[in-house]
Amino acid sequence: MKTQKVYLYNSIFKAIVFFFALVTVLSVILIGVFMIVNGGPSIAKVGLKDFLLGKVWNSANEPPQYGILAFIVSSFYSTFFTVLIAVPISILVALAIGQLMPKGLGTVIRAIISLLAGIPSVIYGFLGIIFIVPLVQKVFNLSSGLTMFSSVIVLIVMTLPTIISVSETSINAVDKGYMDAAFALGVRKEYALFTIVLPAAKSGIMAAVLLGVGRAIGETMAVMMVAGNIPQMPSMLKPVRFLTTAIVTEMSYATEQTRGVLIGIGLVLFVFIFIINSIFHFFIKKAGAVNG
């Protein structure tokens with residue numbers, strides 16, 4: 001009787017898990033279908049080449065111009081520089097918290113990082129306007145500190161807690177036997193951490209980087225507040241507009257044609273993220289296979 005109950009509970013649990021997994025997959029498919037159906041015709045009307053490679057965005061012009069190359073390049077640059085700076089810092093901090101710091105100090109810093117991860121993005125944007133924008137304006141002697149540089153700084157601060165938390169979990173999950181074997185061979189702790197522990201945790205660290213990339217690409221409110229939101233080809237010390245902020249900026253007063261184009265931008269962003277996720281999952285799977 002007891003065995004039958006356990007089997008029944010396991011079956012119910014599996015059914016629930018399968019249901020929610022199916023809902024998740026269907027949700028992604030439906031989102032993709034919605035954007036293709038609603039954004040595809042508008043992209044075709046503008047012309048795929050003019051849409052993706054056009055440098056001018058002016059929806060109020062007659063006829064309107066819907067080139068989003070500036071948005072794509074701006075999003076790519078901001079994500080690239082954010083990851084380039086945030087990832088090494090995050091890995092070093094995660095390593096220090098999990099392996100080098102005293103346990104009490106590590107617990108305090110871990111709690112602070114968890115708190116930072118939970119702060120709404122609009123708060124980061126507000127703090128960016130108050131502190132970062134005036135500082136950038138003063139340091140570089142600009143007429144306005146609303147620039148890509150300011151948005152990259154805000155994105156770095158926002159992505160650090162996520163990457164640190166997941167990286168630390170992956171580092172702490174590495175079998176302690178690796179370190180014991182290294183100590184038995186007379187290897188210094190710092191050297192063992194960088195040459196043994198980090199390679200063993202690389203699949204988890206890559207997953208952390210993927211989460212950071214996703215937040216950097218998908219962030220809207222914070223970067224909208226500090227980037228200047230001007231549709232032009234990007235430069236670190238000039239105002240820029242990203243794919244996400246382009247949608248938010250004009251959706252409220254968009255015409256039917258512009259609305260379809262904005263959904264098309266969402267489709268481009270969707271494909272962009274899908275490609276990045278696929279690449280990362282390939283390397284994560286490869287890293288897991290090597291570690292296994």
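The first residue of the sequence shown is numbered 1, and numbering continues consecutively from there. Not measured: the values here are computed from a predicted model.
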Hey, any chance [X] and [Y] share a hydrophobic cluster, counting ILVMFWY side chains that come within less than 4.5 Å of each other, even indirectly?
X	Y	answer
L115	Y124	no
I36	L262	yes
M251	V248	no
I130	I156	yes
V93	L105	yes

Flag yes if more than 12 heavy atoms outside [X] fall under 6.0 Å of its [atom1] atom; otherwise flag no.
X	atom1	answer
F183	CZ	yes
Y77	OH	no
F126	CZ	no

key: Set of ring-ring contact (aromatic ring centres under 6.0 Å, His included) partners for F140, sequence neighbours left out   =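 Residues passing ring-ring contact (aromatic ring centres under 6.0 Å, His included) with F140: F149.
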Listed partners of [X] passing side chain to side chain donor-acceptor pair (under 3.5 Å), at least two apart:
X	result
S165	none
T255	T258
Q257	none
T159	none

Reported [atom1]-to-[atom2] distance for the pair [X] and [Y], which is rounded to 0.5 angstrom:
X	Y	atom1	atom2	result
L116	L160	CG	CG	9.0 Å
W57	L69	CH2	CG	13.0 Å
N277	I217	CG	CD1	8.0 Å
M148	L155	CE	CG	10.0 Å
I132	I153	CD1	CD1	5.5 Å
I247	M224	CD1	CE	11.5 Å

Where the side chain of [X] meets the backbone of [Y], is there a donor-acceptor pair that is under 3.5 Å apart?
X	Y	value
Q137	S143	yes
T79	S75	yes
S74	F71	no

Where do [X] and [Y] come nearest, in terms of heavy atoms and distance?
X	Y	result
A201	V174	CB-CG2, 3.7 Å
G204	S170	CA-OG, 3.1 Å
P134	I129	CD-O, 3.1 Å
S151	A227	CB-CB, 4.1 Å
G264	I43	CA-CD1, 3.7 Å
G106	I97	O-CG2, 3.7 Å

State which residues pass side-chain contact (heavy atoms from CB on, under 4.5 Å) with [X]; sequence neighbours excluded, sorted by chain then number.
X	result
L30	none
V133	L146, S150, V226
L92	F194
L193	L95, Q99, L100, M179, K189, V197

Between [X] and [Y], is any pair of side-chain heavy atoms under 4.5 Å apart?
X	Y	answer
I196	Y191	no
L142	L237	yes
V223	V154	no
I263	R259	yes
I230	K238	no
F272	I72	no
F270	V28	yes
N229	R241	yes

query = Which residue pairs pass the salt bridge (Lys or Arg N to Asp or Glu O under 4.0 Å) test when at least one of the two sits in residues 36-56, sequence neighbours left out?
reply =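 Residue pairs with at least one partner in residues 36-56: there are none.
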request  = May I have all residue pairs that pass salt bridge (Lys or Arg N to Asp or Glu O under 4.0 Å) and include part of residues 63-87, sequence neighbours excluded?
outcome  =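 Qualifying pairs: none.
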ask   = Should L52 and I68 be marked as a side chain to side chain contact (heavy atoms under 4.5 Å, CB included) after you check the CA-CA gap, both sets of side-chain angles, and the distance that decides it?
value = CA-CA 6 Å; L52 295 178; I68 67 167; 4.2 Å; yes
Those residues that, when tested against R110, pass salt bridge (Lys or Arg N to Asp or Glu O under 4.0 Å) (two or more places apart) =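 If we apply the salt bridge (Lys or Arg N to Asp or Glu O under 4.0 Å) test to R110, skipping adjacent residues, the hits are E168.
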Y66 vs S42, side chain to side chain contact (heavy atoms under 4.5 Å, CB included): CA-CA, chis, key distance, verdict = CA-CA 10 Å; Y66 295 119; S42 297; over 6 Å; no
